Amino acid sequence: RIRREREENLSAVNLEDDFFYIKTDVKGKISRVAIADIYFVESADHYIKIHFSSGMKMAYLTMEEVRSRLPEKYFIQVHRCFIVNNRRIQTFEHGQLTLSNQDIVPVGRAFRPGLLEEMNGALFKSKRS
């Protein structure tokens, strides 16, 4: 029982911290994830893939579980299968995002208005018409 509570505590995210732990796809392996290093999260059947510049880690989690634990200030869901780190977005065109590592992430129609609202908040534009 104590072991189970300890594992649950390791995988819990404290939004004040800059990292969290996940149980990976390797049995018995718990891995540290630095929030700032995440480029995007991708749904993969019953797992999620967390993508970094240095590779990827898989965890037995749902998109909802991940979305509810990542800081909303930095992460936005742009597709039913993708959550992106908004600090990693380079361009948005033709219904897709290009991230700073050159990965391409699709933007779903239902998620486009939220993404555009997020981007418009930081959009630098002229007051001239």
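These figures come from a predicted structure and were not determined experimentally.
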Practice item. Apply side-chain hydrogen bond (donor to acceptor under 3.5 Å, both in side chains) to Thr62 and list each qualifying residue two or more places apart in sequence or on a separate chain. Key: Glu65
Check your understanding: Can you name the residues that form a side-chain hydrogen bond (donor to acceptor under 3.5 Å, both in side chains) with Arg67, not counting sequence neighbours?
Key -> Glu64, Gln77
Contacts of type side-chain contact (heavy atoms from CB on, under 4.5 Å), residue [X], not counting sequence neighbours:
X	result
Tyr74	Pro71, Asn85, Asn86, Arg87
Glu72	none
Ser43	Met63, Cys81

Shared hydrophobic cluster, [X] / [Y] (ILVMFWY, side-chain heavy atoms < 4.5 Å):
X	Y	value
Leu61	Phe52	yes
Phe75	Val84	no
Ile50	Phe82	no
Leu70	Ile76	no

For a quick test of your reading: what N or O donor-acceptor pairs under 3.5 Å do the side chains of residues 95-116 make, sequence neighbours left out?
from: Thr98; atom 1: OG1; to: Thr91; atom 2: OG1; distance (Å): 3.4
from: Asn101; atom 1: OD1; to: Asp103; atom 2: N; distance (Å): 3.1
from: Asn101; atom 1: ND2; to: Asp103; atom 2: OD2; distance (Å): 3.0

Practice item. Could you list all the side-chain hydrogen bond (donor to acceptor under 3.5 Å, both in side chains) pairs where at least one residue sits in residues 44-55, not counting sequence neighbours? Key: Glu42-His51
Practice item. Determine whether Met119 and Phe92 make a side-chain contact, defined as any pair of heavy atoms from C-beta on separated by less than 4.5 Å. Key: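 Of all side-chain heavy-atom pairs linking Phe92 with Met119, at least one is under 4.5 Å.
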Tell me which donor-acceptor pairs under 3.5 Å the side chains of residues 28-41 have, and how far apart each pair is, sequence neighbours excluded?
from: Ser31; atom 1: OG; to: Lys57; atom 2: NZ; distance (Å): 2.7
from: Tyr39; atom 1: OH; to: Arg88; atom 2: NH1; distance (Å): 3.4

